[in-house]
J.: 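Right, I'll just put the structure down here and ask away after.
Side chains included, hydrogens not; waters and symmetry mates left out as well; all remaining heavy atoms used. These numbers come from a predicted model, not from an experiment. All residue numbers refer to positions in the sequence shown, counting from 1. In listed order, ligands and their atoms are each counted from 1.
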Amino acid sequence: MLEIKNLHATVDGKEILRGIDLTIKAGEIHAIMGPNGSGKSTLSYVLAGRDGYEVTEGDIIFNGQSLLNLEPEERAREGVFLAFQYPVEIPGVANATFLRSAVNAVRKHKGLADMDAMTFLKTAKAKMKQLQMDEKFLQRAVNQGFSGGEKKRNEVFQMAMLEPRLAILDETDSGLDIDALKIVAEGVNALRSPERSAMVITHYQRLLDYIVPDVVHVLSRGRIIKTGGKELALELEAKGYADIIADAA
Ligand code: ADP
Ligand code: MG
Ligand code: MG
């Protein structure tokens, strides 16, 4: 599904990603862990195609096609979802309006008819119930005045509605208490399917108790220094990053 090959990327002329190789097969969940500043968020932005992130070497192949020449919106239509790739707040635009147009853009690309307003509302309400979100969210302006925890839930709600083939979640656990974390994890787990994959970026192991990854990668200074199974996350929790980085050096 996703094949990242020798990926080098710069921000403001500074090389942040320094040769990343990573393959995610359909149906797999990969966790990306690593200390602050190791390049985790940069990797997610480069995958989504955010402005200002320049790929200087290597390639990103998604379902047999290079993403490098695609705009962020085109990548989204292909099924790559990055939480927060959209403006953080959109005053005056209701969550429902925004989300329905996003859902329909993806449907159009797949050759499907628009989801009508009634079906959208019914589907949205069912997903919100699952995530224990208040229906009032639908009428509020996108992310405006949302608390940190509400934004995170909204992010998983958007993902549940868009049903992306590759979901990239960057620090979805930050700002969530344990109950909210479990609900959010259930939302992610509900999307698990043989056709869908996810990249879960997290600094801490805690989220991975609930979203159990197939593969764990440790990123340090823009390179993957270690790859393992879910037990690698526990090892990191016990030993800390310093030892793993020293072992890899
Ligand atoms: P992480 O998400 O793992 O904490 P980031 O991807 O946010 O790491 O950052 C990786 C490195 O890139 C850091 O050293 C950070 O200072 C640098 N960096 C990130 N964004 C910019 C930017 N816009 N300009 C210059 N350096 C940046
Ligand atoms: Mg950071
Ligand atoms: Mg980050």
J.: Would Arg192 and Asp214 pass as an ion pair if we require N to O under 4.0 Å?
T.: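 Answer for the salt bridge query: yes.
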J.: State the atoms of ligand 1, each with its element, that fall below the 4.0 Å cut-off from a heavy-atom position in Asn36.
T.: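 In order of numbering, the contacting atoms are 4 (O).
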J.: Is there a heavy atom of Gly34 sitting under 4.0 angstrom from any atom of ligand 1?
T.: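 Gly34 does not count as a contact of ligand 1 under the 4.0 Å cut-off.
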J.: So that I can check it, does any N, O or S atom in Ser41 come closer than 2.8 Å to the Mg ion (ligand 3)?
T.: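 A backbone or side-chain N, O or S atom of Ser41 is under 2.8 Å from the Mg ion (ligand 3).
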J.: Under a 4.0 Å threshold between the charged nitrogen and the carboxylate oxygen, would Glu71 count as salt-bridged to Arg77?
T.: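 Result for this pair is no, no salt bridge flagged.
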J.: Report yes or no: does a heavy atom of Pro35 sit under 4.0 Å from some atom of ligand 1?
T.: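 Under 4.0 Å: yes for Pro35.
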J.: With backbone taken as N, CA, C and O and side chain as the heavy atoms from C-beta onward, which portion of Ile16 lies under 4.0 Å from ligand 1: side chain, backbone, both, or neither?
T.: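 Side chain only.
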J.: Which atoms from ligand 1 have a heavy atom of Asp12 less than 4.0 Å away?
T.: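 Counting atoms of ligand 1 from 1, those under 4.0 Å from Asp12 are 24 (N).
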J.: Heavy-atom distances under 4.0 Å are what count here, so tell me which part of Lys14 touches ligand 1: side chain, backbone, both or neither.
T.: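 It is the side chain that touches ligand 1; the backbone stays farther off.
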J.: Taking CG in Asp177 as the centre, count heavy atoms belonging to other residues, nucleotides or ligands within less than 6.0 Å. Is the count above 12?
T.: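 Enclosed.
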J.: List the steps and the verdict of salt bridge (charged side-chain N to carboxylate O under 4.0 Å, His left out) for Arg196 and Glu163.
T.: CA-CA 8 Å; Arg196 297 205 192 101; Glu163 302 189 326; 3.8 Å; yes
J.: Using 4.0 Å as the upper bound for N to carboxylate O, is an ion pair formed by Asp247 and Lys226?
T.: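 Looking at Asp247 together with Lys226, the answer is no, because their closest N to O distance does not fall below 4.0 Å.
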J.: Check each atom of ligand 1 against the heavy atoms of Thr42 and keep those under 4.0 Å away; list them by number with element.
T.: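 Answer for ligand 1: 5 (P), 6 (O), 9 (O), 10 (C).
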J.: Quick one: do the Glu57 and Asn6 side chains pair a donor with an acceptor below 3.5 Å?
T.: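 A pair is found: one side chain offers a donor N or O, the other an acceptor, under 3.5 Å apart.
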J.: State the atoms of ligand 1, each with its element, that fall below the 4.0 Å cut-off from a heavy-atom position in Val11.
T.: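 Ligand 1 atoms under the 4.0 Å threshold to Val11: 21 (C), 22 (C), 23 (N), 24 (N).
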J.: Check the side chains of His109 and Glu74 for a donor-acceptor pair under 3.5 angstrom, ignoring hydrogens and angles.
T.: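 There is no such pair between these side chains.
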J.: Hey, which atoms in ligand 1 end up nearer than 4.0 Å to a heavy atom of Ser41?
T.: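 Selected atoms, number and element: 1 (P), 2 (O), 6 (O), 7 (O).
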J.: His30 vs His217 aromatic rings, parallel, tilted or perpendicular, using cut-offs 30° and 60°?
T.: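 His30 and His217: parallel rings.
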J.: Do Tyr53 and ligand 1 have an N or O pair less than 3.5 Å apart?
T.: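 So ligand 1 has no N or O lying under 3.5 Å from an N or O of Tyr53.
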